[in-house]
Protein chains: 2
Amino acid sequence: MWLNYIVNTYSFMTEHEMNTEQKILDAAKDVFQQKGLTGARMQEIADKAGINKALLHYYYRTKDKLFEKVFEIAFSLFIPRVKEMMGSDRPIMEKIAFFVDNYLELLNKHPYIPGFIISELNRNPQILVNIIEKNIQIKQNRLIELLDDQIQKEVKAGIIKPISAKNLMTNVISLCIFPVVARPILQGIIFDNNKKEYDIFLKERKEFVKDYLINSIKA
Amino acid sequence: MWLNYIVNTYSFMTEHEMNTEQKILDAAKDVFQQKGLTGARMQEIADKAGINKALLHYYYRTKDKLFEKVFEIAFSLFIPRVKEMMGSDRPIMEKIAFFVDNYLELLNKHPYIPGFIISELNRNPQILVNIIEKNIQIKQNRLIELLDDQIQKEVKAGIIKPISAKNLMTNVISLCIFPVVARPILQGIIFDNNKKEYDIFLKERKEFVKDYLINSIKA
DNA sequence: CCTACCTTTGACCAATTGGTTAAACCAAAC
DNA sequence: GTTTGGTTTAACCAATTGGTCAAAGGTAGG
């Protein structure tokens, strides 16, 4: 089970219903992630969930509704986490170390979700607007402002070099996610398509990225 | 015209043919880029090219063949460029500055191509194998080895801090491409979906990334 | 047992989609 | 002006696909 989302949301359901719905979401997540909204087939999702196709439409009336749910779950697993991790009151350098550690672990557990989010969001940016409308606490402007206050204080205190919160956040996230999202290219071009070598590379990069980021801002 | 690829490849063609074929490739590029292989419709490509759908199949027998062509053109615009730019015999820091300048300019001209490549490659990594088979000079292992030699020399000479070529390349590429590829997310979450602000951010980031990368490796 | 309600299914449908074909078109060669 | 070759089109087709529906299955309460 990739997320006990449903368990929390619909705790009044019977065990049977929960299992079917969970099986559907699991299957849908796999298929949508690999083939995208337009490439996925309801029949394939039904097969993978071990149910009839009509039952799929019984639980989620349309393909779009099912997709929306899957996307929302994937999104809520990766994005709000940023806020949690960067919102504490520790020094910047500790925050970065903590973030890199945790985010790379999360990425290791769910390597296809960021690519899925990015792909589908590029295809239809409107999804994000809907999600943000539904889910107000996702807005992170305030986080960026607060983070920037903290950073500028630490800059003035001579702890770190001058940098904006937006640039720092972008750097941190880029260095964490891109090597996972662009794996086929980097593995193919730089690593001659050697999967094992790339796995090792990613594993070793965990410590590297942390040190690199911290050293790059240390005053 | 997004690329005079055809002109070079099929220079024996009449002007008329060239125009039709170019119109097809232009339209196909737009549609494939926005909707992906599975989301694109041959009818839409034909409409956008101002021709009949049957004519599309006259030039490119199948959707897959047309897609392959478009993908290959997009790919060859972005990937071999890395080799060109990193293959000179200048010092590492100059190479990085040159690369960032040129790549960010290229990205500004074709912001949707990297996302397109990454999306489709995640969906079907086999494409890359085919392209590399066809196009031997794309293999860049040798480049990485040479680059690593140069780096280790400069490290020993006390010019830059210790780093591997693979990590350095990954960092440079990540910091350049990710903010463009993940624009919908970053713009939505960090910039409250303010398109203009994000444009400014990307523009200002050009100098920032260059300085950041160089300072991060300077001994 | 039976009623009532939710779940599950097989059969079916209308619309879409990639692809084909035969005929029309058109420019250059003779 | 007619033949010849590639180019363009309208009409058509078979297969796929998201979605529906009526009926069957199953289960808890009376």
Side-chain angles (χ1 to χ4, degrees), chain A residues 6-7 9-71 120 123-124 126-127, chain B residues 6-7 9-71 120 123-124 126-127:
Chain A
I6 293 306
V7 179
T9 309
Y10 304 116
S11 53
F12 53 83
M13 286 181 162
T14 71
E15 180 129 356
H16 192 205
E17 280 167 331
M18 215 168 61
N19 283 343
T20 301
E21 196 146 355
Q22 196 61 52
K23 278 190 306 188
I24 290 177
L25 285 179
D26 282 351
K29 171 217 163 208
D30 283 346
V31 178
F32 277 134
Q33 230 164 67
Q34 209 209 328
K35 317 211 163 167
L37 168 60
T38 54
R41 300 288 160 238
M42 293 299 268
Q43 187 61 60
E44 192 182 348
I45 295 175
D47 290 346
K48 205 163 242 178
I51 59 166
N52 189 284
K53 194 183 62 165
L55 196 56
L56 217 54
H57 287 90
Y58 175 76
Y59 279 95
Y60 298 92
R61 256 171 309 162
T62 66
K63 191 188 186 185
D64 283 333
K65 288 221 192 310
L66 176 57
F67 176 82
E68 216 174 280
K69 193 89 180 179
V70 169
F71 186 89
E120 300 303 323
R123 215 139 282 165
N124 175 17
Q126 184 64 26
I127 316 175
Chain B
I6 294 307
V7 179
T9 309
Y10 303 115
S11 53
F12 53 84
M13 285 182 162
T14 71
E15 180 129 359
H16 191 205
E17 281 166 330
M18 217 168 60
N19 282 342
T20 301
E21 195 146 356
Q22 196 63 53
K23 277 190 308 189
I24 290 177
L25 285 179
D26 283 351
K29 172 213 160 207
D30 284 347
V31 178
F32 278 134
Q33 230 164 69
Q34 210 210 326
K35 316 212 164 166
L37 168 60
T38 54
R41 300 288 160 236
M42 293 298 269
Q43 187 61 60
E44 190 181 350
I45 294 174
D47 289 347
K48 205 163 242 178
I51 60 166
N52 189 283
K53 192 183 60 162
L55 196 57
L56 217 55
H57 287 90
Y58 175 77
Y59 279 95
Y60 298 92
R61 258 173 305 161
T62 66
K63 190 188 186 185
D64 283 332
K65 288 220 191 310
L66 176 56
F67 175 81
E68 216 173 281
K69 194 89 181 178
V70 169
F71 185 88
E120 300 302 322
R123 216 139 281 168
N124 175 17
Q126 185 64 26
I127 315 174

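Note that the structure is predicted; figures quoted are calculated from it, not measured.
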Which whole-number value in Å describes the distance from [X] [atom1] to [N] [atom2]?
| X | N | atom1 | atom2 | value |
| --- | --- | --- | --- | --- |
| B:Asp64 | C:dG19 | CG | P | 7 Å |
| B:Leu55 | C:dC25 | CG | P | 16 Å |
| A:Arg41 | D:dG18 | CZ | C1' | 9 Å |
| A:His57 | C:dC6 | NE2 | P | 21 Å |
| A:Leu66 | D:dG18 | CG | P | 11 Å |
| A:Met42 | C:dA15 | CE | P | 19 Å |
| A:Gln43 | C:dA11 | CD | P | 13 Å |
| A:Tyr60 | D:dT20 | OH | P | 17 Å |

Discussion item. Under 4.0 Å between a side-chain nitrogen and a carboxylate oxygen: does that hold for B:Arg123 and A:Glu120?
Written reply: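 Yes, charged N to carboxylate O under 4.0 Å.
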Worksheet item: Picking from D:dG18, C:dT9, C:dT21, which would you name as closest to the side chain of B:Ala54?
Response: C:dT21
Fill in: Whichever of A:Thr62 and B:Asn52 has its nearest DNA chain D nucleotide further upstream toward 5'
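Its nucleotide being nearer the 5' end, the pick is B:Asn52.
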Item to complete: Provide the closest heavy-atom pair for A:Lys48 versus A:Ala27 in the form atom of the first, atom of the second, distance.
Response: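 Closest approach of A:Lys48 to A:Ala27, heavy atoms only: CB-CB, 3.8 Å.
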Practice prompt. Work out which heavy atom in B:Val31 is nearest to a heavy atom in B:Arg41; give both atom names and the distance.
Written response: CG1-N, 4.3 Å
Worksheet item: How far apart are the C-alpha atoms of A:Asp64 and A:Leu37, what are their side-chain angles, what is the distance that settles it, and do they pass the side chain to side chain contact (heavy atoms under 4.5 Å, CB included) test?
Response: CA-CA 8 Å; A:Asp64 283 333; A:Leu37 168 60; 3.9 Å; yes
Worksheet item: Which part of the nucleic acid does A:Ala46 contact within heavy-atom distance under 4.0 Å: base, sugar-phosphate only, or nothing?
Response: nothing
Worksheet item: Pick the nucleotide of DNA chain C nearest each of A:Tyr58 and A:Lys53; which residue has the one closer to the 5' end?
Response: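 Counting from the 5' end, the first nearest nucleotide belongs to A:Tyr58.
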